[in-house]
Amino acid sequence: MVQFTRRQTLAGAAGLAGMIGLGVRPAGAAELSAYEKALYEKAKPEGELTWYSGQLNAETSEAVGRAFTERFPGVKVNVVRSTSQVAFQRLSQDMRAGAVQCDVFASTVSGHFSLLKRKKELTQFRPQSADGLIDMLKVADPDNYYQSAYMGLYLLAYNTSKVKAEDAPKVWTDVLDPKWKDQLAVGHPGYSGAIGVWAVQMRKMYGWDYFTKLERNKPLIGRSSQDPVTALNAGERSVGLAVPVGTTLLSASRGNPIKLIYPTDGTLATAAPAAIIAKAPHPNAAKLFMEYITSPYYSAVISKYFNESLRADVPSAAGAEPLDKVKLIAPTEEEAEKQVPQVREAWRDTFGV
């Protein structure tokens, strides 16, 4: 299992921290570097780009799009938010039809990018601002066809009005106890890339018998990894599996009775990329957007919505456990690429959906 335990790489700089705390966006064309200005001038005539967003939730994705256009007036972001598997299916259909709509593709499944790279469907480009990413994210692809754009943590959560803290699950296998029958919620690996990666990791740790036993507890199966958060908020279910930290903390900040559980056997960590599609209709705007994704301005926006910052000079939002206190687990990129399709089929056989 891969473990990341270096919290110091996420330490924040006081200047940006102050701006975030005051609700001030670090934006404005006057602050552009010479390199950004050159990219911006080329992007202006294109006027827009389309971003297939499979990493952030819809609210955060739209906020990113608005902040980008505020920094680069006249270049609009068309946000197409879906689960990662759905985004990849749509991209694949576009490519087969010879009508690519997507400029920048972002997914929680790193295997999508290694596959697209082998098929020569990506543009080689390294943003200069990627040099400021935390160490584990600086180099996603040595050939620079895709770049880390998301650090997702997936874990357990429970409805505090239905479950006492002392009774909540502590490890992933606790949810297999028959007492949780009809009280669990989870996404679907056929739609959610994160759930696919989680299923690979659970099979790696506990074998497929984990899911055979989970099925006996009749979990509510949605699509996205975020769907269990909705079910917990509504009181439909008591415990959510493989829910994202960002969406869960954002929900709790708005008064919903929901609390995170960091499993002692490991929190799933997904360092996921974004890339420019080879036949992108707006290639210059896409390059400008990739530069933005790896900049401190992007991390400042996503941190406001409780997502992990990608950079050492922008602190992550309060509420999450420091990473040096969390055991993080993840399959390798090769394991994810090869095994996500396997667990999708096994899931359908086991759960019937």
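In this chain, residues are counted from 1 in sequence order.
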Tell me if the centroids of the rings in Y206 and W198 come within less than 6.0 Å of each other.
no

Between E291 and K287, is any pair of side-chain heavy atoms under 4.5 Å apart?
no

Around atom NZ of K181, are there more than 12 heavy atoms from other residues, nucleotides or ligands closer than 6.0 Å?
no

Heavy-atom distance under 4.5 Å between the side chains of V239 and Q183, does that happen here?
no

Hydrophobic cluster membership, V229 vs I221, 4.5 Å side-chain cutoff
no

Is it the case that more than 12 heavy atoms not belonging to K279 sit under 6.0 Å from its NZ atom?
no

Using the six-membered ring wherever Trp is involved, compare the ring planes of Y146 and F113 and label them parallel, tilted or perpendicular (cut-offs 30° and 60°).
tilted

Can Y191 and D227 be counted as having a side-chain donor-acceptor contact under 3.5 angstrom?
no

Do you know the tightest heavy-atom contact between E31 and E36?
O-OE1, 4.3 Å

Would the distance check show the side chain of S299 and the main-chain N or O of L310 forming a donor-acceptor pair, the cut-off being under 3.5 Å?
yes

Please examine the side chains of L214 and L184, heavy atoms only from C-beta on, and report whether any two atoms are closer than 4.5 Å.
yes

Heavy-atom pair of closest approach, residues P178 and N217
CA-OD1, 3.5 Å

Knowing that exactly one of Y297, F105, W51 qualifies, which makes a ring pair (Phe, Tyr, Trp, His ring centres under 6.0 Å) with F289?
W51

Would you call K179-D177 a salt bridge at under 4.0 Å N-O?
no

Stepwise side-chain contact (heavy atoms from CB on, under 4.5 Å) check, R237 with N159
CA-CA 8 Å; R237 296 287 159 135; N159 182 309; over 6 Å; no

Inspect the surroundings of CD in E334 and state if more than 12 heavy atoms from other residues, nucleotides or ligands are less than 6.0 Å away.
no

Straight-line distance of L32 CG to K37 NZ, nearest 0.5 Å:
6.5 Å

Mark yes or no for whether Y262, through its side chain, and E321, through its backbone, hold a donor-acceptor pair below 3.5 Å.
yes

Between CD of E345 and OG1 of T350, what distance do you get to the nearest 0.5 Å?
11.0 Å

At their closest point, which heavy atom of A165 faces which heavy atom of K170, and how far apart are they?
O-NZ, 3.3 Å

Going through the checks in order, is the side-chain contact (heavy atoms from CB on, under 4.5 Å) test met by T248 and L155?
CA-CA 10 Å; T248 308; L155 59 175; 5.9 Å; no

Nearest 0.5 Å, what's the CD1-OG distance between I195 and S225?
5.5 Å

Closest non-hydrogen atom pair, A330 against L268:
CA-CD1, 4.1 Å

Considering all heavy atoms of both residues, which atom of L176 and which atom of Y210 are nearest to each other, and what is their separation?
CD2-O, 3.4 Å

Side chains of V197 and T108: closer than 4.5 Å at any heavy-atom pair?
no

Is there a continuous path of hydrophobic side-chain contacts, each under 4.5 Å between heavy atoms, that joins I258 to L241?
no

Verify side chain to side chain donor-acceptor pair (under 3.5 Å) between E337 and S114, making sure each step is shown before the conclusion.
CA-CA 8 Å; E337 180 182 353; S114 50; 2.7 Å; yes

Would the distance check show the side chain of R344 and the main-chain N or O of G190 forming a donor-acceptor pair, the cut-off being under 3.5 Å?
no

Between D103 (side chain) and T50 (backbone), is there a donor-acceptor pair under 3.5 Å?
yes

Check: S309 side chain, V314 main-chain N or O, donor-acceptor pair, under 3.5 Å:
yes

Go through it in stages, so that I can follow the logic: the residues are R126 and D131, the test is salt bridge (charged side-chain N to carboxylate O under 4.0 Å, His left out), and I'd like the CA-CA distance, side-chain angles, deciding distance and then a yes or no.
CA-CA 9 Å; R126 177 174 173 79; D131 293 340; 2.9 Å; yes

Is the shortest heavy-atom distance from the side chain of P189 to the side chain of W347 under 4.5 Å?
yes

Which distance, rounded to the nearest 0.5 Å, do you find between the CE of M136 and the CE of M151?
4.5 Å

If we only count heavy atoms from C-beta on, is the K162 to P257 side-chain gap below 4.5 Å?
no

Within the distance-only criterion (no hydrogens, no angle test), does the side chain of Y40 pair as donor or acceptor with the backbone N or O of P73 below 3.5 angstrom?
yes

Judged by atom type as modelled, is there a donor-acceptor pair below 3.5 Å linking the side chain of N256 to the main-chain atoms of S251?
yes

R223 (side chain) donor-acceptor with H188 (main chain) under 3.5 angstrom:
no

Report the C-alpha separation of R118 and L115 in whole Å, then their side-chain angles, then the decisive distance to 0.1 Å, and conclude whether the side-chain contact (heavy atoms from CB on, under 4.5 Å) test is met.
CA-CA 5 Å; R118 288 198 302 272; L115 175 61; 3.6 Å; yes

For residues Y35 and F68: do they belong to one hydrophobic cluster (side chain heavy atoms under 4.5 Å, members Ile, Leu, Val, Met, Phe, Trp, Tyr)?
yes

Using a cut-off of 6.0 Å, state whether more than 12 heavy atoms not belonging to K76 lie near its atom NZ.
no

Is it the case that the side chain of D265 and the backbone of W172 share a donor-acceptor pair, with hydrogens and angles ignored and the cut-off at 3.5 Å?
yes

Go through R254 and E59 one step at a time and tell me if the salt bridge (charged side-chain N to carboxylate O under 4.0 Å, His left out) criterion holds.
CA-CA 14 Å; R254 292 172 173 170; E59 184 176 356; 2.6 Å; yes

Ionic contact status for E335 with K338, cut-off 4.0 Å:
no

Would you check, one step at a time, whether the test side chain to side chain donor-acceptor pair (under 3.5 Å) holds for Y292 with R71?
CA-CA 9 Å; Y292 178 78; R71 183 159 174 78; over 6 Å; no

Is there a path of hydrophobic side-chain contacts, each under 4.5 Å between heavy atoms of I/L/V/M/F/W/Y residues, joining V86 to V353?
no

So, does E46 use its side chain to make a donor-acceptor pair with the main chain of A285 at under 3.5 Å?
yes

Return yes when atom NZ of K213 has more than 12 non-hydrogen atoms of other residues, nucleotides or ligands closer than 6.0 Å, and no otherwise.
no

Are any of the side-chain heavy atoms of L116 and M95 separated by less than 4.5 Å?
yes

Given side-chain contact (heavy atoms from CB on, under 4.5 Å), test F88 with S107 step by step and report yes or no.
CA-CA 8 Å; F88 183 68; S107 166; 5.7 Å; no

Any idea which heavy atoms bring L133 and S148 closest together, and the distance?
CD1-O, 4.0 Å

Straight-line distance of Q147 CD to S129 OG, nearest 0.5 Å
8.5 Å

So V80 and Q101, do their side chains get closer than 4.5 Å, heavy atoms only?
no

Report whether V243 and L156 are members of the same hydrophobic cluster (ILVMFWY, side-chain heavy atoms less than 4.5 Å apart, transitive linking).
no

